[in-house]
Every structure is written in C-alpha cells, then in structure tokens.
Amino acid sequence: MYDKGTRLRVRSGQWAFTKEEGYGLASLLLQNDFINEVYTSHRNGSILIYYDDVKNKGKIFDILTSITLDDLVEGEATQLQISKEITDDFILKLARMIGRRFLGRLFLPVRIKHILTILRASKYIWKGLDSLTDFRIDVALLDGVAVAGALYMRDFKPASSMMFLLSISDALEDYTVQKAKSTLKDSLALNIDTVWLVEGDGTERPYPALEIQKGDKIKIHMGDVIPVDGKVVDGEAMVNEASMTGEPLAVHKRPGKTVHAGTVIEEGNIIVEVYSINKETRLNKIIDLIENSEDLKADAQSRAEKLADSIVPYSFLATALTYLFTGNATKALSVLMVDFSCAIKLTTPLSVISAMREASDNRMMIKGGKFLENYAIADTIVFDKTGTLTNASPKVVHVFPMTKRYKREEILRMAACIEEHFAHSIATAIVKQAEEEGIKHEEDHSEVEYIVAHGIATEYDGKRVVIGSRHFLFDDEGIKINKTQEKKIKREVKDHSVVYMAIDGKLEGLICIDDPVREEAKYVLEELRALGIENIIMLTGDSESGAKSSAEALGITEYRSQVLPEDKSRIVEELKAEGKTVIMVGDGINDSPALAAADVSVSMKNSSDIAREVADISLLSDDLYDLVTLRKLSTGMFDKINTNYKRIVAVNGTLLVLGVLGAISPATSSMIHNLSTMIFGALSTKSVLGDDYSNEINVEAIEVADAT
C-alpha cells in the first residue's frame, strides 16, 4: 500500500481482476462524491485513488473491504483512464527500446550486432528508395542515404545510433497522434446518461441512454444535445448543426426530417424515432476519421514539417561539396550525419502536444493544436457578459408595476409562473425571488414560446403575455410606451438590467436584475492586456445603463449593449475583416453564432451544450484565470519552438563546420547529433507554466478577492 495525502494506492494481487473489470471497479468507486479519480492496473492488481479529504480515508477502506467477486463487472474506460494508458504504454515501449539497446551492446557478439544493424537498416533504405523513385527529396531519403552511407563505410555504430534515435522519434510521433486523437474524441463525445422515452400511449419517462434501441421514440427538449441519429416524427425545432456542418445558423426540422447525434436544439421540442445509436451514429463516424485529419494540426507544426523537408536538399548539397573539395569520404559522411530536419520535425510536434497535455492538466480541453496557436497570436478578445464576466447568478432587485391594473406581487407571480420553464440565469433569478417572498404561482398559461435571445410569449389567463428585452417588446412586438412610463424607466432602472412585461399589448411591469461582475474579472482583463491582447470588447443583451455600469466596473472602454445573437456574429466578422485575430468567450445558446465565427472560441464550465459543441476550447473549471493561463501556455509554446530552432541551428551548425574541417569523425558527429536531438526532444516536453503555477495563481486570486 502507498498512502500520501489524498492519494492512495492499494494492491489486490496480480491478476485479481481483468482490464475490463478494472474499469468497472473504477466506475463503482467513482460513484462516491469524495472520490475524484481512480486508475486500475490489471497486471499487478493496483488501484490508485485520488480523493478530496484525508478524513474520508476510512470510508475508502470500508468500501474496498466490502467489494466481493460479484461486484467485479466489466466496464468501459473513462477518458482519464484511456489517456493514462496511452502514456503508460508509451513509457513501457520506450523502456523496452532502451533496455534492448543497452543489453545488446553489452552482451551480443560484434558480428551479431552488425547483422542486426543491417537488418534494421533495410527498413530505412527501402523508405529512402521509395522517396527516390517518386522523385521526392525528403527526410526519408536523407535518413536512408545517411544509414546506407554509414554501412558502406562500415561505420556500424553511427548507423545503429541514428536508427535508434529515429525509432524513438517514430514512437514519440505515434504517441503524439494518439494523445491528440484521444483528447479530441473526448471533447466531441456525448456524455448523456438519461433520455426521455416516449411510450406507446404518449407518456414520457426517463430511461438510460445506453439501453435505447433502434425504433424507440425519444423526446428532446430545447437546449438539449440530440443523443442519436433519427427521424423527427412529431414536433418542430430549430437545430444547430455546427458540430456536423460548421454552419452556425440553425436548421428547421419538422416531421420526416433527419437529425444527427451531437447537434443541439435551439428552439422547440421534437420526438425522434431512433435510427442509429452509440458507435453507429454519424458523429462517431466523424470521430473515427479524426486520426487522418490534418486540419487540426497547428500551423507551426505543419511549417516545421515543410521546413524539415526543404532543408534536405541543402544537406545533400553540403555533403557533395565537402567531398568535391576535400576528396575525403569520411568528412563527407560526417556532414551527412548532421541532420537539421530530424530535430526540427521531432521537437515542434512535441512542443505542441506537450502544451495541449499541460492545458488538459489545468482542466482546459483543446480540440486541436491550431486553436492553441490562434489563441497565442490573437490581439482581440470578445466577451459575452453574463456567465463569463459575471457569475451568472443574477438577483432581482426591484419589481415595478407600470399601471394600476396589476400590483407588484402579481407582476412577479406571473413572471415566475412563465419563467420557471426555462433554465437560463435570469429566469432562475425571477423564480427564486418569488419563492423567497412566498409567492405561489400556478400553471395558468398555455404552451410557452421561447424566442432565443429575445423573450417569452404565452397565453396567460386568456391574455397574451410577453416577457423579455426592450427590443423584443417595443420593436418586435410593437408595444407602445407613453412619456410618463419612459420617464419612470429612466429614473428607476439606472444601472440595472431590465426584463419588461406586457399584457394584451400594454406595458405592465419592469423587473430589475443585478448580475455583479466576478471579483477577479478586472484583474484578469488587466493581465490579458499585459500579455499582448490589445482590444477587449464586451457584448451584452442588457440595457445601455446596465452595460455601461458593468463596463466601468471592469475597466472596459469598448462595449455594445442590447446585442442580438446575429449582431454578435456580425461584430466578430467585422473585427476579423479589419485584420484582427479574434477570441470569442461565451457560454449561452445565443453565443453560438459568434463562437463559430471567431478565429478561436472558448466556452466556460457551465456553458450550454451548444456552446460547448461549437467552441474550440472548453474550460472545465469555473475559473476566469484560465484565460490568462491559456495565454501564457500558448505563447510559452511558441517561445519553446523558437528556442528549439536556435539551439538546433547552433549545435548542428557547429557539427557541420567541425565535420568539414575533419575535426570529428562520422561516429562522433552522429553521436552528438543524436544526443542533442534527444535532449531537445526532452526539453520540448518540459512544462511551460511550471509545477508551482497553479499555486501562484491561486495566491493572486486570494489577494485580489481580499483587496476587493
């Protein structure tokens, strides 16, 4: 047993459970709230548990003691388990390669070592010939020629060392691809446990998503992710298919139309007959193609690969010139052994995947290297206000009747009755205020129609009631307002966000909402400016007075109020047209068009399903400092890549000169080149932020909160 703080490892004996039973065991333990992570190893029966408080250690031992053979059921691996297994397999593979080489050099006879070197060399020579017959002058050709040249000169050690390094490079590249694919799969995967199954008599009941069968009918509500591929059999909805098509505008779905897993309902409710489930869905087929996708690769990585191939002809030219002027094959081979492209091609993807892994460790999910790169070079960041710059926990501060027909309590009661059907933060605030005041509200209205980013319309007690923004009531619904009411609005609602209510075409009530900005938000914005983001813009659907108040509290000079979803998208497009690289940060359904339009988009922890689907980067913790962390991480990645370039040029340039002068042998040149490449590769995996970064940022957060 190993016990340290809130990290506990116990061993139950070799082969105590199978790999799949280990997954089931981890799932069983994770049902306890105080257990955060569980990793199992079927090879030695190890169970590694991370939990929240040392006081719960006794409970964990009680749980482990109570587990019987009947509890060992097979399960599926979580993303964390898959990621750890990929890393463990890579480390094991690397250890075997190093072990075989070390033991072989110590104990195998020289003749056997030479035969094995020639056999291993055949693979690289064959690849080089393949490039040559296709008239490609690339890294594979250079590697093949260098290995063949070393064997021709009977320099077996340099050839063996070069192939050993290339095999490590291949293993690192394979590991990089697997980790990137795994991370992206997790960001796209649907984590839906329960659906609403529609019975033959039309009744609905919650049902486990994993038990859904083809032909079943399920009801999907507004704001939900569609969990299956299927056909609409009842109802109508506006479905955002950005995760499938990349198009931000929602598509109208009515009976007979097909819907796909991973898309999100913006408006309406539909009943879907299931066609495909789990791995058969179109979303999962798309995920299976990710491994072959080049679109998600960082531009820096693509440039490094092109640069590596472009250097190859110069390596051949330098080798030829050395032989031409010196007539010394040994000097020429020393030059040929110096390969700039190998280190460049290895270190750049390692730097990118290392940054993505570090982002994952800091609870940030990035869907591809290019998004991390775009975040690093961005000069403009656009925020939706509610839920990003604020805590998304608004509170009702005033309720004003606008005529004598309805009292204050009646306005609040009607608003709460209608708003309780919706999960957005303002609706929650209104319902909560009614509860706190002991105001009971019954279902006195008909079907509620929600107009995204505008408001709600319904029939209440035989009268048409509309609730929403000023634009919705006065512009879209044509509600009239007299001068007395206008004066009252200007006088009473200053610095507040306002929800307007009209009944039968007349303005009857105002509900004033306050959603204070996050305590750390101003500091975060200052940090982002210091890190090179020149333009910070706030967009909100709030009134001008509420938006201005928030902007002043945050130190933001550029903001837009009463903004509609299509306006947000248009503003982002205009900024891009001006030559700016734009980050969009949002969390709501109405932010999805702007998120899709930005160069790189970020969703917050408690974002709507559609915001998470559309966003390129998802923050998995409710911490605004993650935006600063992400900027430091992404720019640090570029610094690391540029530093690697300088080191590679310096070391290999020196070797080139020494080789031409005959100061070093091909064996020495190869050894130093290979060793430096491995060192640069190791440095590329080093943390950008450092192990103490999270502690430092938490201290800063506490200081800011205390100062506030």
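Throughout, numbering of the chain's residues begins at 1 and tracks the sequence.
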Is any side-chain N of the basic residue among Arg560 and Glu558 closer than 4.0 Å to the acidic one's carboxylate O? yes

Hey, do the aromatic rings of Tyr500 and Phe472 have their centres closer than 6.0 Å? no

Checking Lys568 side chain against Thr540 main chain: does a donor-acceptor pair fall under 3.5 Å? no

Would you call Arg464-Glu477 a salt bridge at under 4.0 Å N-O? yes

Does Glu419 come within less than 4.0 Å of Lys432, counting only side-chain N to carboxylate O? no

Consider side-chain contact (heavy atoms from CB on, under 4.5 Å). Of Asn535, Ile537, Asp599, which one does Leu575 pass it with? Ile537

Under a 4.0 Å N-O cut-off, is there an ion pair linking Glu520 with Arg518? yes

Nearest 0.5 Å, what's the CD1-CD1 distance between Ile381 and Ile536? 7.0 Å

Could you check whether Ser603 and Ser618, counting side-chain N and O atoms only, form a donor-acceptor pair closer than 3.5 Å? yes

How about Lys506: does its NZ atom have over 12 heavy atoms from other parts shown lying under 6.0 Å from it? no

Charged N to carboxylate O under 4.0 angstrom, Glu534 versus Arg529? no

With a 6.0 Å cut-off (strictly less than), is the heavy-atom count around CG of Asp33, excluding the residue itself, greater than 12? no

Side chains of Thr581 and Asp379: do they bring a donor and an acceptor to under 3.5 Å? no

Salt bridge between Glu574 and Arg570, side-chain N to carboxylate O under 4.0 Å? yes

Counting C-beta onward and ignoring hydrogens, is there a side-chain heavy-atom pair between Met402 and Glu508 closer than 4.5 Å? no

Separation between CD1 of Ile467 and CD1 of Ile511, rounded to the nearest 0.5 Å: 6.5 Å

